[in-house]
Amino acid sequence: MHVSAFVVTCSDSRDAAHDESGRVLRDALESAGHQVAGSVVVKDDPEAIRGALEQARAAGARAVLFNGGTGIGRRDSTVETLQALFEKELPGFGEIFRMLSYRQIGSAAMMSRATAGTYQGMILFALPGSPQAVRLALDALILPELGHAVRELTR
């Protein structure tokens, strides 16, 4: 099943011209046959993140992939913003992502707060902002299950 997806980069330092992780997400989704309904770069700010989520919903996205704002920095607010909205959380996503990340980068993986959950008929993924982390999450977890996960939302 192919899915309409929306990409949101949460960053105080990147713009659309310097959004490598957003590019990786869009390219991988399209290569897998999914439609990218849109993408946006927003400040790592709860109001901006919620606004991007509303843009995704209005564009008809069934999956929204956020990158950035999942660390432990003072401004990292993506996880808290999304978790407050989750109808159902998918703790296995973050757990497995950190395990796979640990194999690649070692103990620094514990500082990732990657998470996923559902919201208003969409599945949301919050990923770290590094291109390597985005590729890992896409290849190992998201792309193999994206169609299945969205199909489950309608059951």
Side-chain angles (χ1 to χ4, degrees), residues 1-73 75-98 112-131 133-155:
M1 175 177 171
H2 294 124
V3 171
S4 177
F6 199 94
V7 174
V8 180
T9 298
C10 304
S11 176
D12 290 340
S13 60
R14 283 182 273 160
D15 59 20
H18 300 95
D19 181 19
E20 184 181 350
S21 293
R23 233 178 344 272
V24 168
L25 285 164
R26 290 187 303 276
D27 291 348
L29 287 162
E30 289 175 343
S31 292
H34 301 291
Q35 175 195 0
V36 176
S39 76
V40 64
V41 177
V42 299
K43 293 289 184 198
D44 195 349
D45 169 79
E47 186 174 322
I49 293 167
R50 286 189 296 271
L53 183 56
E54 180 55 34
Q55 277 184 268
R57 193 182 65 70
R62 297 299 311 278
V64 186
L65 288 78
F66 293 82
N67 73 92
T70 62
I72 61 171
R75 293 272 306 147
D76 290 330
S77 62
T78 304
V79 173
E80 290 78 12
T81 303
L82 297 180
Q83 282 179 331
L85 300 172
F86 284 165
E87 293 159 354
K88 295 185 180 183
E89 190 167 2
L90 302 172
F93 173 78
E95 294 163 358
I96 296 169
F97 174 78
R98 281 181 285 280
S112 168
R113 298 181 308 130
T115 189
T118 65
Y119 174 70
Q120 295 188 358
M122 299 179 288
I123 187 159
L124 313 180
F125 295 96
L127 314 173
S130 82
V134 165
R135 284 186 192 95
L136 174 64
L138 282 166
D139 294 344
L141 298 169
I142 296 171
L143 291 177
E145 292 298 326
L146 188 57
H148 178 216
V150 169
R151 192 170 43 253
E152 287 297 310
L153 286 173
T154 62
R155 291 174 32 108

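- Contact check for T115 versus T70: no side-chain heavy atoms found under the 4.5 Å cut-off.
- No more than 12 heavy atoms of other residues, nucleotides or ligands sit less than 6.0 Å from atom NE2 of H18.
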Derivation of the side-chain contact (heavy atoms from CB on, under 4.5 Å) call for F125 and L138: CA-CA 10 Å; F125 295 96; L138 282 166; over 6 Å; no
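- Between E47 and R50, no side-chain nitrogen of the basic residue sits less than 4.0 Å from a carboxylate oxygen of the acidic one, so the salt-bridge criterion is not met.
- More than 12 heavy atoms of other residues, nucleotides or ligands shown are found within 6.0 angstrom of CD on E54.
- Taking CG from D76 and CZ from R113, the interatomic distance works out to 6.5 Å, rounded to the nearest 0.5 Å.
- In terms of the side chain to side chain contact (heavy atoms under 4.5 Å, CB included) criterion, residue partners of A59 (sequence neighbours excluded) are, by chain and number, F6, A37.
- Proximity of a side-chain donor or acceptor of R62 to a complementary backbone N or O of G147 within less than 3.5 Å is not detected.
- Of the options D44, D12, D45, a salt bridge (charged side-chain N to carboxylate O under 4.0 Å, His left out) to R75 is made by D12 and by none of the others.
- Side chains of L127 and I142 form a contact here, defined as non-hydrogen atoms less than 4.5 Å apart.
- Here CG of L143 is found 9.0 Å from OG of S31. Values are rounded to the nearest 0.5 Å.
- How far CG of L53 is from CZ of F66: 4.5 Å, rounded to the nearest 0.5 Å.
- A distance of 5.5 Å separates CG of L25 from CG of L65, quoted to the nearest 0.5 Å.
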